[in-house]
There are 2 protein chains.
Amino acid sequence: MRADAQRNYDRIVSVADDLVSRDGAEVSLEEVARRAGVGSATLHRHFPGRLALLEAVFRDRIAGLLDRARELAETGPPGDSLVVWLHEVNTYVTTSRGLAAALLAHGEHLAEDDTCGAKTAAAGELLVSQAKAVGRVRPSVSAEDLIVLVSGISLAVGGDSERSRRLLDLALAGIAPAATSG
Amino acid sequence: MRADAQRNYDRIVSVADDLVSRDGAEVSLEEVARRAGVGSATLHRHFPGRLALLEAVFRDRIAGLLDRARELAETGPPGDSLVVWLHEVNTYVTTSRGLAAALLAHGEHLAEDDTCGAKTAAAGELLVSQAKAVGRVRPSVSAEDLIVLVSGISLAVGGDSERSRRLLDLALAGIAPAATSG
DNA sequence: CCTTAAGCGGGGTGGCACCCCGCTTCGTCG
DNA sequence: CGACGAAGCGGGGTGCCACCCCGCTTAAGG
């Protein structure tokens, strides 16, 4: 990639990061280009569609989540690590406007691609299988399910972190009262 | 309301119903107006904003859900009725493109208004309090939470009914294996 | 320094939400 | 039943958008 192209690419991602976190995933791509000091054609050449831009913007943050999953998998107790990680994902997704949209790219089967959602689900799979091994998670539950769930909650609550956290707790525990039988 | 105004209103809602269920909540309002045979100004006069139109489109379906909640509250076993009703809501919401968006109108506190979401949550409250009374639901869970959850799941899965149903089951039961002790 | 192609961006296209305002039609009342 | 005031209508305008075309610029290599 030519040096000027790389410079423009970086400027666009940086500006998009600011604007998306300020205004959400539906920012005007024109404005991103304007603030980045490039023509809109340049933006569209580098990023064919809004999703491609969002993927680039969140790539680093997602990478952080992946590292964190590996770290938790190695250090934490198998059952709790998954819950801790999902709450961290939830916080990330809820407080980063537009991330949920990026995670749900292609909406349905987010596997096989190298999209943010696919990579996140893959990282989660590690923790899920650990948790299954110690009987803390049903076999029918997949990491992809959980990522979709987190994303959906985040989409639904807007940016209300407290409610998002509460709904995730609810979904992980179920609606029934805690079984006091042990 | 003048007779012609009423006629236009009805035509717009009817056409919007078709187009939203075919193309989702993001239909072009211009196209709705075009197909309804009215000027776009007429549409915008009757419905100030996309959400107002969606509310009108789904009002009848929502009314059906409310009746169903009352019916289940009277006839069904308190614990199961809630689950049955939530699955019915889920099916409705997932198969009616755009309904989730309508239910999440104003996103955050959907109480107090007479929006679709508020009315649905109110109807659910009946079943929730029944279920709490028989110890099937934790006191900290509100009907509003559950409606937001259902809507979020629906948004996240696109139109995949089977997955939507599975995720709702998951969220209601929690991720842990079924307690075989009880 | 010169070539060449990768990359750029001004400006165009078609579509959108939303609004203004002169014209039409409805409902009412004499 | 006819006329009148107002409610309602919609063609057309504005400003914004995503996305693209194409002649010009400039980086990179010899």
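Everything numeric in this text was worked out from a predicted model, so none of it was measured. In what follows, chains carry the letters A, B, and so on, assigned in the order in which the sequence lines appear, proteins first and then strands, with residues in each chain numbered from 1.
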Which residue in the set A:Leu72, A:Leu146, A:Val141, A:Leu126 passes side chain to side chain contact (heavy atoms under 4.5 Å, CB included) when paired with A:Leu82? A:Leu146

Rounded to whole Å, the CZ-P distance (A:Phe47 to C:dG7) equals 13 Å

Integer-rounded Å distance: C:dC8 P and A:Arg11 CZ: 12 Å

Out of C:dG27, C:dG7, D:dC19, whichever nucleotide has its closest atom nearest the side chain of B:Ala3: C:dG27

Can you check the A:Glu26 CD to D:dC16 C1' distance for me, whole Å? 15 Å

Looking at every heavy atom in both A:Gly98 and A:Leu54, which two are closest together, and how far apart are they? O-CD1, 4.4 Å

How many Å lie between CG on B:Leu51 and C1' on C:dC18, as a whole number? 16 Å

In whole Å, what is the span from the CZ atom of A:Arg34 to the C1' atom of D:dG15? 12 Å

If the cut-off is 4.0 Å, is A:His46 near the phosphate of C:dG7, judged by side-chain N/O to OP1 or OP2? no

B:Glu30 has an atom CD; how far is it from atom P of C:dC19, in whole Å? 12 Å

Report yes if at least one side-chain N or O of B:Arg2 is closer than 4.0 Å to OP1 or OP2 of C:dT24; otherwise report no. no

Distance-only, no hydrogens or angles: does the B:Arg163 side chain make a donor-acceptor pair with backbone N or O of B:Gly158 under 3.5 Å? no

Rounded to the Å, how far apart are B:Asp4 CG and C:dT28 P? 13 Å

Comparing nearest nucleotides in DNA chain C, the 5'-proximal residue of the pair B:Ser28, A:Val38 is A:Val38

Touch check for A:Arg45, heavy atoms < 4.0 angstrom, all strands: base, sugar-phosphate only, or nothing? base

Can you tell me the distance, in whole Å, between the CG atom of A:Leu43 and the P atom of D:dC21? 17 Å

Considering every strand and a 4.0 Å limit on heavy-atom distances, what is the contact class for A:Arg7: base, sugar-phosphate, or nothing? nothing

Quick note, B:Leu29 side chain, CB onward, closest among C:dG11, C:dC18, C:dC8 is C:dC18

Pairing of B:Glu31 and B:Arg35 as salt bridge, 4.0 angstrom limit: yes

Base, sugar-phosphate or nothing for A:Val32? Non-hydrogen atoms, less than 4.0 Å. nothing

Examine D:dC19: is either OP1 or OP2 under 4.0 Å from a nitrogen or oxygen in the side chain of A:His44? Give yes or no. yes

5'-most contact on DNA chain C: A:Met1 or B:Ala41, nearest heavy atom basis? A:Met1

Any side-chain heavy-atom pair from A:His87 and A:Asp169 closer than 4.5 angstrom? yes

Tell me whether the side-chain N/O atoms of A:Asn8 come closer than 4.0 Å to OP1 or OP2 in C:dC8. yes

